[in-house]
> 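Shown below is the structure under consideration.
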Amino acid sequence: MHELTELIRQDMKPALGVTEPGAIAFAVAEARRHTHGPVRRIVLRLNSGMFKNAFTCGIPGSSEVGNAHAAALGAVGADPDKGLECLDGVTPEQARQAKEMVAAGMVQVEVAGISSRIFIQATVETGEGEASVTIQDAHTHIVRITENGRTVLEEPGLAGNPEDTGEATPLIHRYTLAQLREYALTVPAEELAFIRRAFEMNLALCQAGLSSPRTTCARYLLAENGGQLISRDERATASLLCNGAIEARVLGLPQPAMSITGSGAHGIIATMPLYAAYRVQGYPEEKLLRAAALSYLVCMYIKEYSGKLSAFCGCAIAAGTGMACGLVLLRDGGEDAMARTIRNMASSITGMICDGGNQGCTMKGVVAVDAAYRSVSMAMQGVAIDPVHGINGPTPEQTMRNMGLIASPGMVGTEKTMIDILERKQKGN
């Protein structure tokens, strides 16, 4: 099996609800497993991106939102053996208990620092002791577990941005765009068959959103598409399938998304517009799988520079750019057309902020789909922003690197301002 196939396979994971509340619940549930007796208090320390992304995010199994409720549900109803799907099966009684815990002030949430690198430290205190679980760099990557101050598990963190950490070059950055495209076009089709599950899962999530009275944007997009899930309008179908799924996810509906780079919304944007094009235009399924593989890899390429949880909307920028390259592949565009597409995307939506996993992600997804379709259409006609302008580089690899660096370290100040705003909201100011 090709190493890029394995990279995608390892990164592509189901996630119930937005990934950050799931990761918080997972950390607390794992800490709870190392304690005995009734819970007295939960202390949650989060990096800024984790705090922001879960701040008003819907939680599966609950009508509540946010960090504290995710933590409380982790203590009373989550199964840590299910990873990011740990809240699957939460009962109404457990949701009631979690709500009472939060109302009683039993959950304390703190920002541990302004950082795009994932960090969660969940401490559960009972009458008989306490346990703490620390997660770093990936949503379920436990690096430390302590029981009453005694370390019972310790693992190294994962590699971060090599420019910040001195670590080896990430695998994805050892490839050029031309090599990623060549891989997508030539890898044995059977190696990519597992990607089908992403389309099936994300389509089911969209359909759940359309059936739910809680969604609003999805029904608007359905009407805009002539009341049809699949119409003859490729762009309108793409926006509906993509953003109907995103809205369902951020509202906490109890169906999983297939995530990439640790994010369900990234996984949705990277795949569903391509699926729409496949359905509307009748492309062969094999071509769809190849386009999705390329989409995932370009998304990963940018995300390795920006960090997992940064101040810019990686869903629109990284996954949107990957998806745009996938559209070029579906339309039989060459390497030059993809390079032009990347420059058009870099010159348009780079810098879009991430203010957390919330219903606003739906609007960001709408913009990403529109930008991608416009960027591809122009690029296929030879129209693109020249490399001399803005953050575009002389090569597509340099342009993608610059896109990522705008987020981290470029938008650290923006991240701090957003956290200040959210903390004031948390205090009712």
> What distance do Ile195 atom CD1 and Met258 atom CE have between them, rounded to the nearest 0.5 Å?
10.0 Å
> Looking at Arg174 and Thr169, would you say the former's side chain and the latter's main chain have a donor-acceptor pair under 3.5 Å?
yes
> Please round to the nearest 0.5 Å and tell me the distance separating atom CD1 of Ile317 and atom NE2 of His266.
9.0 Å
> Would you say CD of Gln381 has more than 12 non-hydrogen atoms from neighbouring residues, nucleotides or ligands within 6.0 angstrom?
no
> Measuring only between side-chain heavy atoms, which start at C-beta, is Lys99 closer than 4.5 Å to Val102?
no
> If you measure from the Lys or Arg side-chain nitrogens to the Asp or Glu carboxylate oxygens, is any gap between Arg117 and Asp137 under 4.0 Å?
yes
> Can you tell me if Asn344 uses its side chain to pair, donor with acceptor, with the backbone of Val383 under 3.5 Å?
yes
> Is any side-chain heavy atom of His69 less than 4.5 Å from a side-chain heavy atom of Val107?
no
> Would you call Asp420-Arg424 a salt bridge at under 4.0 Å N-O?
no
> Is the backbone of Ser212 close enough, under 3.5 Å, to the side chain of Arg219 for a donor and an acceptor to pair up by distance?
yes
> Taking salt bridge (Lys or Arg N to Asp or Glu O under 4.0 Å) as the cut-off, I'd like each qualifying pair that reaches into residues 325-346, sequence neighbours left out, listed once.
Glu234-Arg331, Lys287-Asp332
> Does the Thr186 side chain pair with the main chain of Glu182, one donor and one acceptor, at a distance under 3.5 Å?
yes
> State, yes or no, whether a side-chain contact exists between Asn67 and Phe51 at a heavy-atom distance under 4.5 Å.
yes
> If you round to the nearest 0.5 Å, how far is CG of Asn358 from CE of Met363?
12.5 Å
> Aromatic rings His2 and Tyr183: how do their planes relate, parallel, tilted or perpendicular, breaks at 30° and 60°?
tilted
> If we ignore hydrogens and angles and just use 3.5 Å, is the side chain of Arg279 paired with the main-chain N or O of Leu274 as donor and acceptor?
no
> To the closest 0.5 Å, what do you measure between CD1 (Ile385) and CD1 (Ile391)?
11.5 Å
> Please examine the side chains of Ser295 and Cys325, heavy atoms only from C-beta on, and report whether any two atoms are closer than 4.5 Å.
no
> Any non-hydrogen side-chain atom of Ser48 less than 4.5 Å from a side-chain atom of Ile419?
yes
> Are any side-chain N or O atoms of Thr261 and backbone N or O atoms of Met300, one a donor and one an acceptor, separated by less than 3.5 Å?
no
> Are Glu93 and Arg96 within salt-bridge range, i.e. N to O under 4.0 Å?
yes
> Could you check whether any side-chain heavy atom of Ile172 comes within less than 4.5 Å of a side-chain heavy atom of Leu180, counting everything from C-beta outward?
yes
> Do the side chain of Ser259 and the main chain of Pro14 share a donor and acceptor less than 3.5 angstrom apart?
no
> Hey, which of Leu205, Leu210, Thr215, Leu253 is the one that makes side-chain contact (heavy atoms from CB on, under 4.5 Å) with Glu247?
Thr215
> State yes or no: are the ring centers of Tyr278 and Tyr283 separated by less than 6.0 Å?
no
> Check whether any side-chain N or O of Ser239 sits under 3.5 Å from a backbone N or O of Arg235 as a donor-acceptor pair, and report yes or no.
no
> Considering the options Thr237, Thr362, Val369, which one meets the side-chain contact (heavy atoms from CB on, under 4.5 Å) requirement together with Cys242?
Val369
> Quick check: do Met378 and Val376 have side-chain heavy atoms less than 4.5 Å from each other?
no
> Roughly how far apart are Leu241 CG and Gln207 CD, rounded to 0.5 Å?
8.5 Å
> Are the aromatic ring centres of His139 and Phe26 under 6.0 angstrom apart?
no
> Quick test of your reading of the model: are Arg290 and Glu286 salt-bridged, counting only N-O distances below 4.0 Å?
yes
> Under a 4.5 Å cut-off applied to non-hydrogen side-chain atoms, are Thr414 and Ile353 in contact?
yes
> Between Ser408, Ser306, Cys354, which is the residue that forms a side-chain contact (heavy atoms from CB on, under 4.5 Å) with Phe312?
Ser306
> Between Arg9 and Glu191, does at least one N-O distance fall below 4.0 Å, as a salt bridge requires?
no
> Between Glu304 and Tyr301 (side chain of the first, backbone of the second, donor and acceptor by atom type, cut-off under 3.5 Å), is there such a pair?
no
> Taking the side chain from Asp79 and the backbone from Asp81, do they hold a donor-acceptor pair closer than 3.5 Å?
yes
> Enter the distance from Ser63:OG to Leu251:CG here, rounded to the nearest 0.5 Å.
12.5 Å
